[in-house]
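What follows is a short report on a single structure.
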Amino acid sequence: MGKRERARKSSAERTRMRRRSRQNKSSMACISLIVLMLVGVMSVQIVSAYSRNQSYQAQEEELEAQLESEKARKKELEEYKKYVNTKEYIEQVAKAKLGLVYPNEVIYKEKEDSGK
């Protein structure tokens, strides 16, 4: 081989190396861009998931409070149910709504002042 042939080969190799280098740089740039886009999309998804989680936690706390108040209301209703079945309640309703009294009981009513 002569000097010219060697120079041509080395020149051709340099040209190929430059092309490969340019291709590698553009490939790396594309890959970097894709990775950055993925990171951006994932960060947006994480932020939205975090905000949804916060709203779900607030809703859960609200529902827990409602559950506690309903349990308290249930307990009150059970106590009222027991009271309604007592003799005292039946007598009270009979006197107040029906005007019933025991045979030996005397009822006093106040006079209404019509002039004052």
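Just the heavy atoms: all of them, side chains too, but no hydrogens, waters or symmetry mates, feed the values below.
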Exercise for the section: Indicate yes or no: at least one non-hydrogen side-chain atom of Leu77 is less than 4.5 angstrom from one of Lys81. Expected result: no
Exercise for the section: Find out whether Gln92 and Lys97 are in side-chain contact, i.e. whether some heavy atom of one side chain is under 4.5 Å from a heavy atom of the other. Expected result: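 Gln92 does not reach Lys97 side chain to side chain.
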Exercise for the section: Any ring-ring contact (aromatic ring centres under 6.0 Å, His included) involving residues 18-37? Give me the pairs, sequence neighbours left out, ordered by first then second residue. Expected result: none
Handout entry: Linked hydrophobic residues, Tyr89 as query - side chain contacts closer than 4.5 Å
Key =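 Members alongside Tyr89: Tyr80, Tyr83, Val84, Val93.
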Not counting sequence neighbours, which residues clear side chain to side chain contact (heavy atoms under 4.5 Å, CB included) with [X]? List them please.
X	result
Ile90	none
Lys87	Glu91, Tyr102
Lys75	Glu79

Problem - Stepwise side-chain contact (heavy atoms from CB on, under 4.5 Å) test for Met28 and Lys25 - result: CA-CA 5 Å; Met28 289 300 286; Lys25 286 180 184 178; 5.7 Å; no
Check residues 36-47 and write down every donor-acceptor pair under 3.5 Å in which the side-chain atom is one partner and the other belongs to a residue at least two apart or another chain.
unit_1	atom_1	unit_2	atom_2	d
Ser43	OG	Val39	O	3.3
Ser43	OG	Gly40	O	2.7

Problem - By salt bridge (Lys or Arg N to Asp or Glu O under 4.0 Å) - contacts of Glu76 (at least two apart) - result: none
Exercise for the section: Any chance you could measure Ser26, atom OG, to Leu33, atom CG, to the nearest 0.5 Å? Expected result: 12.5 Å
Could you pull out every donor-acceptor pair under 3.5 Å between side chains of residues 54-66 and any protein atom, sequence neighbours left out?
unit_1	atom_1	unit_2	atom_2	d
Gln54	NE2	Tyr50	OH	3.2
Ser55	OG	Arg52	O	2.7

Problem - Listed partners of Glu88 passing side chain to side chain donor-acceptor pair (under 3.5 Å), at least two apart - result: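 Once residues adjacent in sequence are excluded, Glu88 has no partner under the side chain to side chain donor-acceptor pair (under 3.5 Å) criterion.
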